Amino acid sequence: MTEIRTRFAPSPTGYMHLGGLRTALYAYLFAKQRGGKFILRIEDTDQEREVPGAVALIYEDMHKAGLDYDEGPDVGGDFGPYIQSERKDMYRPFAMQLVDSGAAYPCFCTKEELQARRDAVTAAGGQFKYDKHCLHIPKEEAKRRMESGEPYVIRQNIPETGVASFEDLLYGHVETECAILDDNVLIKADGLPTYNFANVIDDHSMQISHVIRGTEYLSSTPKYNLLYEAFGWQPPTYMHLPVVMKDATRKLSKRHGDPTFEDLLEQGYVRDAIINFIALLGWAPKDDREFFTLSELVEGFDTDGLSKSPAIFNTDKLRWFNSEYIKKMSLEDYLNAATPWFDSVLKGKEFDYHRLAELMHGRTEIFSEIPAMIRFLAELPDYAVDLYSHKKMKTNSDLSLTVLKLALTTVEALQDFSEDSLKESLMQLATENEWKTGQVMWPVRVALSGMPSTPGGATEIAYLLGKDETLQRMAIGINFLEQFKSLQQS
RNA sequence: GGCUCCAUGGUCAAGCGGUUAAGACGUCGCCCUCUCAAGGCGAAAUCAGGGGUUCGAUUCCCCUUGGAGCUGCCA
């Protein structure tokens with residue numbers, strides 16, 4: 001049995017979109033599971049679309065994703081070069097071979113001419129298809145014009161009758177009438193091949209056994225098989241994958257502001273959560289299992305579980321995965337990951353990061369949300385009196401004022417400013433006055449945070465803030481409530 | 001428009017002729033609780049429509065509808 005070789009062949013257009021990442025992931029899993037090779041190839045035959053630095057970004061993203069390839073531009077391999085622009089001289093001889101056999105022909109029609117004709121036909125409501133005009137140029141004349149330096153392209157000569165087809169691992173038998181197929185350009189006027197040609201030559205010469213790519217190629221694959229036939233080559237096994245959508249009608253795209261892999265990482269999603277989520281977007285295991293590391297995916301992945309229809313990228317579920325992955329982190333790992341986010345609002349102040357990490361660990365869904373959750377620690381936000389009224393806590397601004405005054409004295413008297421002693425003394429205050437716990441804790445927490453909800457209760461926040469700041473904020477609260485009261489009475 | 005492909009709750013989806021049509025996210029309710037989370041328990045919610053085939057269709061076939069991809073000297 002021949003070796004399994006799959007490849008991921010992105011174009012360096014500037015970013016790694018999530019659909020591409022998923023395609024890469026499946027191609028990787030497919031190869032790795034069977035002890036095969038996973039190859040990275042850069043498809044940069046369109047110099048106009050190339051974005052500087054994009055190639056390096058692809059390497060970086062692949063490594064960040066953990067999708068290490070066995071062969072590729074930056075890691076070498078026996079079938080290089082792995083960048084199409086560096087292979088440019090390899091394509092023409094193959095194209096000329098097809099010209100000789102009649103499976104292709106040179107075409108001297110200019111882009112402008114063709115565009116004009118295309119527009120005319122389209123405007124008339126018709127369907128433009130190249131009319132094989134240049135196929136009928138006598139061979140000698142064509143040869144003379146090619147040698148004269150006249151610009152030309154090489155087109156695939158598609159039979160006018162019959163059908164072209166292939167078997168897809170996911171979609172099954174796919175076929176198209178040759179009559180409706182256009183004579184695609186194989187070699188452009190600039191001498192570089194189009195995707196239509198390069199993918200065939202490269203997949204064959206790199207001995208790719210399984211071509212795994214997006215469905216955008218599904219309907220043109222029969223044409224590629226015609227090329228394999230013309231060369232007398234064995235076509236690879238194909239597997240096309242549905243696109244990833246942002247909603248029911250639009251696919252995910254950077255242009256419309258949808259996040260790329262890189263963006264998600266920056267927003268504080270963890271790599272393994274993204275991979276896990278992406279893997280399940282279009283693939284389902286035999287059982288109900290949800291959590292997979294990359295290596296577990298290598299083991300568990302199977303093509304049976306793949307879905308044929310497009311999946312919508314659902315941020316809620318990713319968020320959930322992310323929070324689950326964060327919960328699985330050790331406290332130490334969490335603290336390391338969270339520290340820069342803590343710093344972003346607390347830097348320069350003294351805070352017990354370890355305790356803060358304990359409080360935040362189970363509450364963090366996305367790292368980027370940390371600052372908004374803890375900013376109140378750095379600075380007491382403005383808040384409305386209504387915050388002191390809480391139905392469920394059975395309290396209001398009047399009671400809060402009474403409680404806060406007593407609580408201030410209680411806290412002031414504390415020698416040991418630990419959470420335990422804070423809690424003990426405040427609970428005692430409640431018992432003595434026959435208040436419910438919440439009737440004491442709520443106003444204290446509000447005075448300390450100015451927030452309707454906080455990561456941690458009154459005593460935990462008091463501890464984090466420290467005694468001085470705690471007393472200060474309680475005093476502010478008392479003042480605030482007294483002002484409000486006198487204002488009400490007048 | 002033409003061609004190719006797809007179609008189970010809001011989302012990801014299991015199901016591969018006979019099921020009370022799984023599970024997860026999300027939503028809602030209850031419990032727990034010094035707020036919020038987390039956790040526990042529970043609930044609502046799906047086979048796009050119409051024809052066939054069959055004793056029996058979510059499942060097989062056809063049509064309609066809806067959606068996607070392709071229709072470039074882009075990939």
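Keep in mind that the numbers below use all heavy atoms, side chains included, and drop hydrogens, waters and symmetry copies. Source: prediction; values computed, not measured. In what follows, every chain begins at residue 1, and chains take the letters A, B, ... in the order their sequences are listed.
Contact annotation for A:Ser449: no contact, since no heavy-atom pair falls under 4.0 Å across all strands. A:Gly282 comes within 4.0 angstrom of the backbone, heavy atoms only, and of no base. When heavy atoms are screened at a 4.0 angstrom cut-off, A:Met373 is found touching no nucleic acid atom at all. Residue contacts shown for A:Lys436 are absent, as no nucleic acid heavy atom lies under 4.0 Å away. As judged by a 4.0 angstrom heavy-atom cut-off over every strand, A:Ala311 is placed among residues touching the sugar-phosphate backbone only. Across all strands, A:Ala189 comes closer than 4.0 Å to base atoms (heavy-atom distances). Residue contacts shown for A:Met245 are limited to sugar-phosphate atoms, with no base heavy atom under 4.0 Å away. A:Glu175 comes within 4.0 angstrom of the backbone, heavy atoms only, and of no base. Counting any heavy atom pair closer than 4.0 Å across all strands shown, A:Lys308 reaches sugar-phosphate atoms only and no base atom. A:Ser220 comes within 4.0 angstrom of no nucleic acid atom, judged by non-hydrogen atoms across all strands. Contacts of A:Tyr217 with the nucleic acid, taken as non-hydrogen atoms under 4.0 Å apart, include base atoms. Among the atoms of the strands shown, none is found under 4.0 Å from any heavy atom of A:Ser323. Counting any heavy atom pair closer than 4.0 Å across all strands shown, A:Cys109 reaches a base atom.
By the 6.0 Å and 45° rule, A:Arg145 does not stack over the aromatic ring of A:Tyr152.
Pair check for B:G42 finds B:C28; Watson-Crick or G-U wobble, both atom distances under 3.5 Å. Across all strands shown, B:A37 has no partner, as no Watson-Crick or G-U wobble contact with both distances under 3.5 Å is found. Pairing of B:U4, defined by two Watson-Crick or G-U wobble distances under 3.5 Å, is identified with B:A68.
The nearest whole Å value for the distance from the CH2 atom in A:Trp442 to the P atom in B:C36 is 7 Å.
Residue A:Asp288 places its side chain closer to B:A22 than to any other of B:A22, B:A75, B:C34. The side chain of A:Asp182 lies closest to B:G72, out of B:G72, B:U35, B:C5. Nearest to the side-chain atoms of A:Glu460 among the listed nucleotides B:U35, B:G26, B:C5 stands B:U35.
A side-chain N or O of A:Tyr388 and one of A:Tyr383 form a donor-acceptor pair less than 3.5 Å apart.
Residue A:Lys317 is the one, among A:Pro10 and A:Lys317, whose nearest nucleotide of RNA chain B lies closer to the 5' end (criterion: closest heavy atom). Each of A:Val174 and A:Ala9 was assigned the nucleotide of RNA chain B with the nearest heavy atom; the assignment lying further toward the 5' end belongs to A:Val174.
The side chain of A:Thr215 contributes no N or O atom lying less than 4.0 Å from OP1 or OP2 of B:C70. Contact annotation: A:Lys188 reaches the phosphate of B:A75 (side-chain N/O to OP1 or OP2, under 4.0 Å). Note on A:Arg118: a side-chain N or O is less than 4.0 Å away from OP1 or OP2 of B:G72.
Between A:Phe291 and A:Phe321, the distance separating the two ring centers is shorter than 6.0 angstrom.
Between the side chain of A:Asp168 and the backbone N or O of A:His240, at least one donor-acceptor pair lies under 3.5 Å.
The shortest distance between side-chain heavy atoms of A:Phe351 and A:Phe342 does not fall below 4.5 Å.
Under the side-chain contact (heavy atoms from CB on, under 4.5 Å) rule, A:Leu377 has a single partner from A:Thr454, A:Leu448, A:Leu346, which is A:Leu346.
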